[in-house]
Amino acid sequence: MTAEARTAVVTGASSGIGAATARALAAAGYHVVLTARRKDRIEALAAELPHARAYALDVTDRAAVDAFAAELDRLPSVDVLVNNAGGALGAEPVATGDPADWRAMYEVNVLGVLHMTQALLPALTASGEGTVVVLSSTAGHGTYEGGGGYVAAKHGAHVIAETLRLELCGEPVRVIEVAPGMVKTDEFATTRFRGDAGKAAKVYEGVEQPLSAEDVADTVAWAITRPAHVNIDLLVVRPRAQASNTKVHRTS
Ligand code: 8X3
């Protein structure tokens, strides 16, 4: 099968890393299926890309995910799943974090990946050269104060990737984890701080060049476009100004 005929499904494709990844994969010749809750956004992006389609989907809704997977059965193949949908809610310490936030973060960052992966795995396997990508985070590999529920959830996403790779060994499906550090997108920090633009701006204050969504999409597309026998198990990507989750160089 030629690269032109391959199909990639991207979750959370309405903005940020998901939208940039959809663009990067389309540029690499993939037919992209964009999914997200915000239908207008993915429809607008799909209209810009060649051979792209949009499907409104909440990855935390298992029945909706199963219905989506059934729709995909009409395509000749489903070759790539990029589990990008996710995010952070709140930055309170463990002592005062809202359990509802923790639950919501577990739903989207962990169960969302589980639902999509379970639903699409038969098609990915049938493609003969399937790829599952999990966009985790450096928060899936180490903690930081105020990280609490997000760090716990992203550790869960990391564990899904690690476990799945072991369990699929011998099957024609790769499992790639990309763990980005500080990425400045329109929505990540604003969502985390519930629309407080001041707090969101502080996250990136004085950081010369945080990663962009395009920087991460570039690494995701690179990993996916390696030959099918090459599995990039884990790719940690941070801006040069960030040496660890807690060591960031700021000029102000
Ligand atoms: C985002 C990275 O440092 O905000 O996934 O947790 S961090």
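All values below come from the heavy atoms of this structure, side chains included, with hydrogens, waters and symmetry mates left out. First listed ligand is number 1; within each ligand, the first listed atom is number 1.
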Salt-bridged, [X] to [Y], with N to O below 4.0 Å?
{"X": "E129", "Y": "R174", "result": "no"}
{"X": "D196", "Y": "K202", "result": "no"}
{"X": "E214", "Y": "K184", "result": "no"}

### Task
Under the side chain to side chain contact (heavy atoms under 4.5 Å, CB included) rule, collect the residues that match up with D186, sequence neighbours excluded.
none
## Note on the structure
CZ of R165 to CG of N231, rounded to nearest 0.5 Å, is 5.5 Å
### Query
Using 30° and 60° as the class limits, which term best fits the ring planes of H141 and H155: parallel, tilted or perpendicular?
tilted
#### Entry: Contact residues of ligand 1, where a non-hydrogen atom lies under 4.0 Å away
S137, A139, Y144, Y150, G181, F188, R192
